[in-house]
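Taking it in order: structure first as structure tokens, then the write-up.
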There are 2 protein chains.
Amino acid sequence: MKKNIYEKEAQIFKALSNPVRLEIIDFLADGERCVCEIVENLNYEQPHISKSLLKLKEAGLIKDRRDGLNVYYSLKISCLREFFNCLNNILDADNSDKYC
Amino acid sequence: MKKNIYEKEAQIFKALSNPVRLEIIDFLADGERCVCEIVENLNYEQPHISKSLLKLKEAGLIKDRRDGLNVYYSLKISCLREFFNCLNNILDADNSDKYC
DNA sequence: TTAATATATTCCAATTATGGCATATGTGAA
DNA sequence: TTCACATATGCCATAATTGGAATATATTAA
């Protein structure tokens, strides 16, 4: 059933529809980071970051790995770059007829 | 300011984070359609469709054109295909380590 | 065991999204 | 003008999301 696919896709987009979570994804673009590094660099409350990471993980966008006290997160998909390049085209060319 | 970009990107993802709106986008992939065609084919209430179209339009994802009584909508971006190809990879390979 | 540190979870109030129904607006024909 | 049709908007109750504060859990060291 196709409706089911739309539901799942919507879930993924929902995970991406928050500025803090997008900032986290951007930060992870350079490679694996532990939660403490994310908290330090992005300047949000640690529980806020942890909850954001959970949502991204549930959507299948990131993965985690524990090493001692630390939990390291990294991007699970690489095509996100294309996503965002396209997005930026949209944002840049707001008046154009058709972009990308 | 970069935070602003995350806000705008999040807005676009929010517009995409609903199954009905995704179904509409899919339907528009074949080309321009009037509201009545969308209502007939997708089987949702007309006000529901109209409101969904408004959200997509506000996000800059579709555009509209009136011709007499009808209003025709069409996709404003073409890279959405790549978006969804990537998405499908994510959905298909839920257990894989890294996709796309 | 206890303590210290890193991370996750729970609870909550405020905000925002959802979709149904009624109604308003816009356009063309008579 | 009035009517019929296509589309848009407003109102509303319900549901989901948000982020803060407190607390819980997990891991390691001592």
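As the structure is a prediction and not an experimental result, all values here were calculated from the model. Lettering of chains follows the sequences in order, A, B, ..., and the numbering in each one begins at 1.
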Exercise. Quick one: is C:dA8 close enough that its OP1 or OP2 comes under 4.0 Å of any side-chain N or O from A:Tyr73?
Worked result: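 Affirmative; the distance criterion is met.
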
Compare every heavy atom of [Y] with every heavy atom of [X], then report the nearest pair and how far apart it is.
X       : Y       : answer
A:Tyr73 : A:Ile62 : CD2-CD1, 3.5 Å
B:Ala59 : B:Ile12 : O-CG1, 3.9 Å
A:Asn18 : B:Ala10 : N-CB, 3.7 Å
B:Leu61 : B:Ala15 : CD1-CB, 4.1 Å

For [X] and [N], what is the distance between atoms [atom1] and [atom2] respectively, to the nearest whole Å?
X       : N      : atom1 : atom2 : result
B:Ile62 : D:dA8  : CD1   : C1'   : 13 Å
B:Leu53 : D:dA6  : CG    : P     : 16 Å
B:Glu45 : D:dT7  : CD    : C1'   : 14 Å
B:Arg65 : C:dG26 : CZ    : C1'   : 17 Å
B:Ile49 : D:dA8  : CD1   : P     : 11 Å
A:Glu58 : C:dA8  : CD    : P     : 12 Å
A:Lys57 : C:dT7  : NZ    : C1'   : 11 Å

hydrophobic_cluster_shared for [Y] and [X], side chain cutoff 4.5 Å:
X       : Y       : answer
A:Leu75 : A:Leu42 : yes
A:Tyr72 : A:Leu69 : no
B:Leu56 : B:Val71 : yes

Exercise. With B:Glu32, which residues qualify under salt bridge (Lys or Arg N to Asp or Glu O under 4.0 Å), at least two apart?
Worked result: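 If we apply the salt bridge (Lys or Arg N to Asp or Glu O under 4.0 Å) test to B:Glu32, skipping adjacent residues, the hits are B:Arg65.
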
For this session: For residues 35-47 of chain A, pull every pair meeting salt bridge (charged side-chain N to carboxylate O under 4.0 Å, His left out), keeping only residues two or more places apart or in separate chains.
Result: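 Sorted pair list: A:Arg33-A:Glu37.
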
Problem set entry | salt bridge (charged side-chain N to carboxylate O under 4.0 Å, His left out) contacts in which one or both residues fall within residues 11-21 of chain B, not counting sequence neighbours |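 Applying salt bridge (charged side-chain N to carboxylate O under 4.0 Å, His left out) to every pair that reaches into residues 11-21 of chain B, excluding sequence neighbours, yields nothing.
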
Exercise. Are A:Leu28 and A:Ser74 close enough, and set up right, to give a side-chain contact (heavy atoms from CB on, under 4.5 Å), and what steps lead you there?
Worked result: CA-CA 6 Å; A:Leu28 292 180; A:Ser74 57; 5.8 Å; no

Problem set entry | Given DNA chain D, 5'-ward residue of the pair B:Asp64 and A:Tyr44, judged by closest heavy atom |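 Comparing both residues, the 5'-ward one is B:Asp64.
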
Under-3.5 Å N/O pairs linking protein and nucleotides 26-30 of chain D:
none

Problem set entry | Nucleic acid contacts of residues 23-37 of chain A, taken as heavy-atom distances under 4.0 Å to DNA chain D |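 Contacting residues: none.
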
Exercise. In B/S/- notation, 5' to 3', how is nucleotides 9-18 of chain C contacted by protein heavy atoms closer than 4.0 Å?
Worked result: BB------SS

